[in-house]
Protein chains: 2
Amino acid sequence: MTPPRPARRPPLDADAGAVGQRIRALRAERGISLSTLARAAGVGKATLSALENGTRNPTLETLYAITAQLGVPLAAVLAGPAATPTVRGATVVATLLESFTDTDASYELYRLRVRPGGEQVSPAHRPGVTEHVTVFAGMLRAGPLDAPLTAAAGGHLRWTSDVPHGYAALGEEEVAASLLLRYPRS
Amino acid sequence: MTPPRPARRPPLDADAGAVGQRIRALRAERGISLSTLARAAGVGKATLSALENGTRNPTLETLYAITAQLGVPLAAVLAGPAATPTVRGATVVATLLESFTDTDASYELYRLRVRPGGEQVSPAHRPGVTEHVTVFAGMLRAGPLDAPLTAAAGGHLRWTSDVPHGYAALGEEEVAASLLLRYPRS
DNA sequence: CGCCGCCGTTCCGTAAACGGAACGATGGGC
DNA sequence: GCCCATCGTTCCGTTTACGGAACGGCGGCG
């Protein structure tokens, strides 16, 4: 008989590769070279190179040394934001960043991604609900269906969402934005 | 002569030990034995034993196999509850919610709390940097020191922050807001 | 009692993650 | 043009994390 467990490793590699990509992205954000980061973190360049390319399965110690040097918590490079609740549609993906309640109203702050080439419609909310959008990148058209507003990167939109309203990306670029929903105390 | 005796690794072991303790705690919660968990996760008992006792430095793959079997995200067993980077001042506390880079600029989105009774001043940033604030609660005065702006809950402020600027809460209530910093590509 | 099943730890050979060094490629400075 | 510094990758010997097997300890059962 052949030994029962020959071992296989395709499944996890996807994860390992994603971790490597995140590290590479963080490093690129900071504009530092692989060599520099490896030296600062006290790991070999070979290690960091293979890690970023997803061809190695790093130890916790190695990962910790690198993320510490990047100034991010270890969890930041592991499998995606994961546990954060997300609303998904054909053209819009909204991730809840924070919710907040005070005496007058409650608030929900979302990160918003709008893919080009479609429009997503949202039904009317209760009276008094307002939406505030700040655009990071791309060109966004959003607001009441009969009176939409437009904003480019850096722009800000605001409307009362007690009527049906929609979101659409203008142009080819995906829109990134933050969305603040304000629900007045009922 | 002995070779240069390159490296020792005392400092990280504390961390590794903590990870092991968390895994052991999670396993105890579920009332399953070390042997059972090792078999279910497809790792050796020796591996799991050493890992729980903090005498080994596990690979990502090993950790993933175990936490998956325990039904918790990988981050759950890593160093303490999410140390998200935070900027603290006497009157302002800013927590980074998300950072984002695209072709034209990079962005940082913060949750902002401003305590009443003081003003916090921030030095000028590089030319072209803009700040966007959406107020959740309270009344905020912020912007360039010589031309501050004011917004109540639901309001929005925007200024270019290449001059010294400040943040202050008007009235007794603590201000909650979101702050978007936009850094144009240098 | 002796036996058996399972517990968690320890031993050990193997596979692989590690750091150092060498490599070709690229981009300034003179 | 040449030189030198630095880039990221690859090679290689050493270290070590890995799983399987053996170990002693402990409770249940005939």
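Everything quoted here is computed from the prediction, not taken from an experiment. Letters go in sequence order (proteins before strands), and every chain restarts at 1.
One atom, CD of B:Glu61, and another, P of D:dA17, lie 15 Å apart when rounded to the nearest Å. A straight line from CG of B:Leu60 to P of C:dC18 spans 10 Å, rounded to a whole angstrom. Rounding to whole angstrom units, CD1 of residue B:Ile66 and P of D:dA17 are separated by 14 Å. The CG-P distance, from B:Leu51 to D:dC18, rounds to 7 Å in whole Å. The interatomic distance linking A:Leu48 (CG) with D:dT9 (C1') rounds to 12 Å, in whole Å. Rounded to whole Å, atom P of C:dC18 lies 17 Å from atom OH of A:Tyr64.
With DNA chain C read from its 5' end, the first of the two nearest nucleotides for B:Arg39 and A:Gly42 is the one closest to B:Arg39. Looking at which nucleotide of DNA chain C each of B:Asn53 and B:Thr59 is closest to, the 5′-most match is held by B:Asn53.
For B:Ser33, whose side chain is taken as the heavy atoms from C-beta onward, the closest listed nucleotide among D:dC7, C:dC7, C:dC18 is C:dC7. Comparing atom distances between the A:Asn57 side chain and each of D:dT9, D:dA17, C:dA17 picks out C:dA17 as nearest. Distance from the side chain of A:Arg56 is smallest to C:dA17 among D:dA17, C:dA17, D:dC7. Closest contact between the side chain of B:Pro58 and the listed nucleotides D:dC18, C:dT9, C:dG8 involves D:dC18. Nearest nucleotide to the side chain of A:Arg27, out of C:dG8, C:dC11, D:dG8: D:dG8.
Rounding to the nearest 0.5 Å places CZ of A:Arg56 at 8.5 Å from OG of A:Ser49. Here the NE2-OG distance, from A:His132 to B:Ser178, works out to 9.5 Å after rounding to the nearest 0.5 Å.
For the pair B:Thr62 and D:dG19, the criterion of a side-chain N or O lying under 4.0 Å from OP1 or OP2 is not met.
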In the 5'-to-3' direction, what one-character label does each nucleotide of nucleotides 23-29 of chain D receive under the scheme B = base within less than 4.0 Å of a protein heavy atom, S = sugar-phosphate only, - = no such atom?
-------
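Proximity of A:Val129 to A:Asp162: side-chain heavy atoms (C-beta onward) are nowhere separated by under 4.5 Å.
Residue-level contact check: A:Ser35 touches the bases, meaning some heavy atom is under 4.0 Å from a base atom. Residue B:Thr47 is in base contact, counting any heavy-atom pair closer than 4.0 Å across all strands shown.
Tracing side-chain contacts under 4.5 Å through hydrophobic residues (I, L, V, M, F, W, Y), one never reaches B:Leu145 starting from B:Trp159; they form parts of separate clusters.
A search for side chain to side chain donor-acceptor pair (under 3.5 Å) contacts involving A:Gln69 returns nothing, not counting sequence neighbours.
Checking side-chain atoms of A:Thr134 against main-chain N and O of A:His156 turns up no donor-acceptor pair under 3.5 Å.
Using modelled atom types and a 3.5 Å distance limit, the side chains of A:Glu131 and A:Tyr110 yield no donor-acceptor pair.
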